[in-house]
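Following: one structure in structure tokens, then a few remarks.
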Amino acid sequence: MNCKIKSMLKKNVSHYPKQEENEGITSLTMEGITKRFPGLLALNNVNIEIGKGEILALVGENGAGKTTLMNVLMGLYQADEGRITVNGKEIKFKGPEDAFKIGIGMVHQQYMLVPNLTVAENIALGMKNAHKLYKVDMQAVRKKIDEVSEKYGLVVNPDAYIYQISVGEQQRVELVKTLCLGAKFLILDEPTSALTPQETDELIKLLLTMKDKLSIIFISHKLAEVKALSNKVVILRHGEVVFKGNTADYSASEIASKMTGHEVELPQNTEEDMHGEVALDVKNISVLSDRGAMALNGLNLCIHSGEIVGLAGVSGNGQRELAEAINGLRRVESGTIELFGQEIQNTSVHSVIERGMGYIPEERNIEGIVPPFSIKENYILKDSDNEVYSKKGLFINAKQVQKNAEKLVKEFDVRTSSIELSAGSLSGGNIQKVILAREMTRNPKFLISVYPTRGLDLGAIEFIHKKLLEKRRNGVGILLISEELDEIMSLSDKIAVIYKGRIQKILRREEATRAKLGMLMAGVNDEQ
């Protein structure tokens, strides 16, 4: 009997070749993949295939099943039906380790890095062959990092701490980490969602040079990137494949209409100046960064009611610190911030909210929601003591909370099987919709919107842009912080360019061009 069991085990593990024996993946198919969750058919008979050296773009609306499909491929989820074949052999992954053994690696949308460890230490965590008794062979880790960096052109500083490096550099570390673990087939989930335009261009160039050495599946909503990077495109809608084709044969607008099921036309702000009262007046403020350096240095900015002011700038020039200072989340060292004539600098967050401030933060998972709370609870985070939802702030009106959540889920098209689910279990795009729904329906007098459409599909972006313009028409002043120049130029009445903690210049919508904004964002003023 023991011999028989050993023979069976040997037969099963033969599907997972050792890394040194793995010569690469020449073909991978997923056939008839179906995945159900309670009350939700997440994937329905999905078929995809990819060959060696190909880059496949997997696109679709938020909640279409893209990440779920890739989690099935990585062994994080088990498919209810269907099969996966690699190089013609059927493979069953019990977990991510099995996927890594055969050479498949995934870089998730939310980076899996420990902030207070160095780059080398983060990579060492997953390199089991470098783990010796009571210690880790860091020399072997560094040697592997050097090999991968040289082979793929991925330059990283092994001694830098994660919290010290930019988001773009963290993305590079995730790639190096995955490749150090032996990946010869890469899955990238929204790889550019947190990158600046410049970092995005660098990543695309890098991936194009890497495709000769490995195959790539990448999930994206940004169709310009889909066109620039992929050979083939697969579109998912409501868990089903609705389109497959060669990327070069279709325009971005054609792919967009196939993705959403209708023509997508992003709205433009072409409306007249409303000449509203001064809503937000930031006067000569100075604010420190987390590292103690001066993030804002004498910054001035004035925004009126019924006006959208777009803040353009390369990431790390003080945008985050400005948003946090206005919302009472960061101390102002000097200067004043007035909201409708009342000073709000260094007051409590609750006080700022009470005076009519709405805030869509940059860090949606950390600042935007409480992940373990249900979706319906996250909708009333700022209004739990409102008489509509509770009696004297003590007893929650469950029926009203339920009614509110059902309305917002429908209006903002949040893809979920139940409003009782934890908000943290949603996809990134759907978490963003929860935050947007909460902040926009509270009837704020002023709204700070930081990267409002990050991670959203084109249909959702169209909807959110319409909502922002609707708020403007209703007399709400809006500070729009975004790294998407097209978004800023389409929606803003004025565009303020921030550089090294100061406003370089404020341009009216009609005089702003990409070239002008690009020069100002680089620190070049008119005189220069």
Side-chain angles (χ1 to χ4, degrees), residues 61-64 66-68 70-71 74 76-77 106-117 122 162-163 165-171 173-174 177 187-196 199 219-222 290 315-316 319-321 323-324 327 329-330 349 353 358-382 384 405 408-409 412-440 448-457 460-461 464 481-484:
E61 295 178 299
N62 298 117
K66 306 179 297 295
T67 301
T68 301
M70 292 300 98
N71 284 338
M74 282 299 298
L76 287 160
Y77 295 153
M106 183 170 179
V107 177
H108 295 267
Q109 189 175 353
Q110 300 296 329
Y111 301 152
M112 309 291 185
L113 298 171
V114 183
N116 59 344
L117 294 183
N122 267 276
I162 297 300
Y163 73 84
I165 62 179
S166 71
V167 176
E169 289 170 313
Q170 289 180 39
Q171 170 73 272
V173 172
E174 281 283 16
K177 182 177 78 171
I187 302 166
L188 306 175
D189 190 357
E190 296 284 355
T192 64
S193 63
L195 303 187
T196 65
E199 289 170 334
I219 298 171
S220 182
H221 293 121
K222 299 179 181 179
D290 291 338
S315 180
Q319 297 96 316
R320 178 177 184 148
E321 288 82 1
E324 290 180 350
N327 281 281
L329 294 162
R330 190 175 290 268
V349 174
I353 293 169
Y359 180 37
I360 298 162
E362 177 181 359
E363 293 283 355
R364 58 190 175 207
N365 289 70
I366 299 168
E367 298 173 334
I369 60 166
V370 179
F373 282 17
S374 69
I375 296 166
K376 68 179 185 182
E377 288 168 336
N378 271 278
Y379 278 135
I380 62 159
L381 283 180
K382 293 184 175 180
S384 57
L408 295 182
V409 161
F412 283 77
D413 190 28
V414 178
R415 304 287 173 86
T416 179
S417 59
S418 171
I419 56 174
E420 305 292 342
L421 290 176
S422 66
S425 68
L426 295 173
S427 68
N430 280 300
I431 289 172
Q432 188 75 349
K433 289 180 184 178
V434 169
I435 299 166
L436 288 159
R438 182 186 66 224
E439 297 302 317
M440 288 186 162
I448 296 179
S449 186
V450 188
Y451 312 129
T453 58
R454 177 181 280 176
L456 295 186
D457 59 70
I461 291 171
I464 296 307
I481 300 176
S482 177
E483 285 163 0
E484 301 287 344

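Quick note: numbers below take in every heavy atom, side chains included, and nothing from hydrogens, waters or symmetry partners.
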Heavy-atom side-chain contact between Met440 and Ile464 under 4.5 Å: yes

Check: Glu324 and Glu362 side chains under 4.5 Å, non-hydrogen atoms: no

Lys433 side-chain N/O to Ala460 backbone N/O, donor-acceptor pair under 3.5 Å: no

Euclidean distance, Asn430 CG relative to Leu456 CG, rounded to 0.5 Å: 9.0 Å

Spacing of OG belonging to Ser425 relative to CD1 belonging to Ile431, to within rounding of 0.5 Å: 8.0 Å

Partner of Ile360 by side-chain contact (heavy atoms from CB on, under 4.5 Å), out of Val450, Thr453, Ile448, Leu436: Leu436

Taking every non-hydrogen atom, the tightest pair across Pro372 and Ser422: O-CB, 3.7 Å

Side chains of Asn62 and Ser427, donor plus acceptor under 3.5 Å: no

Nearest-0.5 Å distance, NE2 of residue His108 to CD1 of residue Ile219: 10.0 Å

Residue pair Ile375 / Ser418: nearest heavy atoms and the distance that separates them: CD1-O, 3.6 Å

For Glu377, all residues meeting side-chain hydrogen bond (donor to acceptor under 3.5 Å, both in side chains), sequence neighbours excluded: Ser374

Which residues share a side-chain contact (heavy atoms from CB on, under 4.5 Å) with Ser417, sequence neighbours left out: Leu40, Leu421

Expected output: side-chain Gln171 to main-chain Pro191 donor-acceptor under 3.5 Å: yes

Set of ring pair (Phe, Tyr, Trp, His ring centres under 6.0 Å) partners for Tyr163, sequence neighbours left out: Tyr161

Test item: Val349 and Leu329 side chains (from C-beta on) under 4.5 Å apart, heavy atoms: yes

Shortest non-hydrogen contact from Asn122 toward Val114: OD1-N, 2.7 Å

Side chain proximity check, Lys66 to His221, heavy atoms < 4.5 angstrom: yes

Atom of Arg438, atom of Leu381 and distance for their closest heavy-atom approach: NH1-CD1, 3.7 Å

Test item: Asn378 side-chain N/O and Val370 main-chain N/O as donor-acceptor pair under 3.5 Å: yes

For Glu363, all residues meeting side-chain contact (heavy atoms from CB on, under 4.5 Å), sequence neighbours excluded: Arg320, Ile366, Glu367

Intermediate values then yes/no, salt bridge (charged side-chain N to carboxylate O under 4.0 Å, His left out), Glu439 and Lys382: CA-CA 9 Å; Glu439 297 302 317; Lys382 293 184 175 180; 2.9 Å; yes

Minimum-distance pair of heavy atoms, taken over all atoms of Pro371 and Asn365: CG-O, 3.5 Å

Salt bridge (charged side-chain N to carboxylate O under 4.0 Å, His left out) contacts in which one or both residues fall within residues 415-432, not counting sequence neighbours: Glu61-Arg415, Lys376-Glu420, Asp413-Arg415

Any Glu484 side-chain heavy atom under 4.5 Å of Lys222 side chain: yes

Contact check, side chains of Arg330 and Asp290, non-hydrogen atoms, under 4.5 Å: yes

Gap separating the CD atom of Gln170 from the CE atom of Met112, nearest 0.5 angstrom: 13.0 Å

Contact check, side chains of Asp189 and Met70, non-hydrogen atoms, under 4.5 Å: no

Distance-minimising heavy-atom pair for Ile419 and Ala405: CD1-CB, 3.7 Å

Check: Tyr451 main-chain N/O paired with Gln432 side-chain donor or acceptor under 3.5 Å: yes

Counterpart residues, side-chain hydrogen bond (donor to acceptor under 3.5 Å, both in side chains), relative to Tyr359 (two or more places apart): none

